[in-house]
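Report on the following structure.
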Amino acid sequence: MKLGAQLYSLRQFTQTYEDLDTTFAKIKQIGYDVVQVSGIGPISAEQLAELSKKHALPVTCTHSPMDRILTDTDALIAEHKIYGCDEIGLGGMGYDNYSTLEKAREMIEKFREPVKRIMDAGMTFAYHNHSKEFLDIGGTCFYDLLIEEFPEINFILDTYWVVYAGRDPVDYIKRISGKRIKNIHFKDMETEGQGRICACGNGIIDFKPIYDTCINEGIPYAQVEEDNAQEAYGDAFEQMAISYKNLKPLFTK
């Protein structure tokens, strides 16, 4: 299993080609093996491919805009192929899109054709959760509905938001199975309950059983994400380095 950096954690430093070049260099220096692309500036697929190759940081998944997934699918596929990424991810959708069972099923139907196009291109589509996907809608929740009624899709399970919702990441990893998870977000919670996001290893989430379950399920990539690193702690790169230092002993066993 390889340890990666979710670029959304460093979005303030990825808005130009030059800044992304510097950020990739810093990520590599910390020790990360791969990246997830999310929140970067208007940088072309060709430029991203160049930087990925230059710094030996493969892009293993993205968070792509929902409207492009739904209406510009072929162009999005072509861009991912340029920089060698085989998983198109959605970072989430507004709660109103799945706040009732009827709305949730309507949303699933909207995604069926784009997901088929993605699969036909030899790629996968993956959904990233927050906490509201676990709220009750008619005796189930949107996340469970996706697992049960949309078997064609993958998941980018976010450990923080699963815990925030009062669920167990290990249970969900086992339930989904590694066959439907290529990338998982390792994200920690500072205090019990619904504490703020913090560097991995500095909070209350025990990543060892999560890591062990990922290994057992054959999940290849863990992406470290700290949404609020710059705003809450003042140095996003330092936060990513702390996460790497705290997690690396797991990944060397």
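Starting from 1, each residue takes its place in the sequence as its number.
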Original post:
Does Ser52 reach the main-chain N or O of Leu57 with its side chain, forming a donor-acceptor pair under 3.5 Å?
Top reply: yes

Subject >> With sequence neighbours excluded, residues passing ring-ring contact (aromatic ring centres under 6.0 Å, His included) with Tyr160 >> reply: Tyr164

Original post:
Just by modelled atom types, is the Lys187 backbone N or O under 3.5 Å from a matching donor or acceptor in the Thr159 side chain?
Top reply: yes

Original post:
What residues form a ring-ring contact (aromatic ring centres under 6.0 Å, His included) with Tyr172, not counting sequence neighbours?
Top reply: Phe134, Tyr143

**OP:** Any ring pair (Phe, Tyr, Trp, His ring centres under 6.0 Å) involving residues 106-125? Give me the pairs, sequence neighbours left out, ordered by first then second residue.
**Re:** Phe111-Phe125

Original post:
Quick one: salt bridge (charged side-chain N to carboxylate O under 4.0 Å, His left out) pairs with a partner in residues 51-64, sequence neighbours left out?
Top reply: Asp21-Lys54

Subject >> Presence of salt bridge, Glu113 and Arg117, under 4.0 angstrom >> reply: yes

**OP:** Supply the members, apart from Val34, of the Ile/Leu/Val/Met/Phe/Trp/Tyr cluster built from side-chain contacts under 4.5 Å; use none for a lone residue.
**Re:** Tyr221

Original post:
Would Ile242 and Ile205 show up in the same hydrophobic cluster when neighbours are defined by side-chain heavy atoms closer than 4.5 Å?
Top reply: no

**OP:** Using the salt bridge (charged side-chain N to carboxylate O under 4.0 Å, His left out) rule, pick out the option among Arg180, Arg112, Lys116 that qualifies with Glu152.
**Re:** Arg112

**OP:** Check each of Gln223, Gln6, His130, His128 against Asp158 using the side chain to side chain donor-acceptor pair (under 3.5 Å) test, and report the only one that passes.
**Re:** His128

Original post:
What pair of heavy atoms forms the shortest contact from Thr60 to Glu87, and how long is it?
Top reply: O-CB, 3.7 Å

Original post:
If you measure from the Lys or Arg side-chain nitrogens to the Asp or Glu carboxylate oxygens, is any gap between Glu148 and Arg175 under 4.0 Å?
Top reply: yes

Original post:
Closest approach of Ala121 and Lys81, non-hydrogen atoms and distance?
Top reply: O-NZ, 2.9 Å

**OP:** Measure from the side-chain N and O atoms of Gln36 to the backbone N and O of Cys61, and report whether any donor-acceptor pair falls under 3.5 Å.
**Re:** no

**OP:** State, to 0.1 Å, how close Pro220 and Ile181 come at their nearest heavy-atom pair, and which atoms those are.
**Re:** CD-O, 4.0 Å

Original post:
Do side-chain atoms of Gln15 reach the backbone of Gly39 as a donor and acceptor pair under 3.5 angstrom?
Top reply: yes

**OP:** Say whether, by atom type as modelled, one donor and one acceptor occur between the side chain of Thr73 and the main chain of Pro114 under 3.5 angstrom.
**Re:** no

Original post:
Has the side chain of Lys110 got a donor or acceptor atom that lies under 3.5 Å from a matching backbone atom of Leu70?
Top reply: no

Subject >> Side chain Thr62, main chain Ile88, donor-acceptor under 3.5 Å >> reply: no

Subject >> Ala126 backbone acceptor or donor facing Lys182 side chain under 3.5 Å >> reply: no

**OP:** Take Thr14 and Ile43 through the test side-chain contact (heavy atoms from CB on, under 4.5 Å) and record every step on the way to the result.
**Re:** CA-CA 9 Å; Thr14 63; Ile43 296 160; 5.7 Å; no

Original post:
Any side-chain heavy atom of Ser243 sitting closer than 4.5 Å to one from Tyr32?
Top reply: yes

Original post:
For residues 229-246, which residue pairs qualify under salt bridge (charged side-chain N to carboxylate O under 4.0 Å, His left out), counting only residues two or more places apart or in two chains?
Top reply: Arg11-Glu231

**OP:** Check whether any side-chain heavy atom of Tyr8 sits under 4.5 Å from a side-chain heavy atom of His185, and report yes or no.
**Re:** no

Original post:
Would you say Ile156 and Val115 are hydrophobically clustered, going by side-chain heavy atoms of ILVMFWY under 4.5 Å?
Top reply: no

Subject >> Residue pair Asp168 / Val162: nearest heavy atoms and the distance that separates them >> reply: C-CG1, 3.8 Å

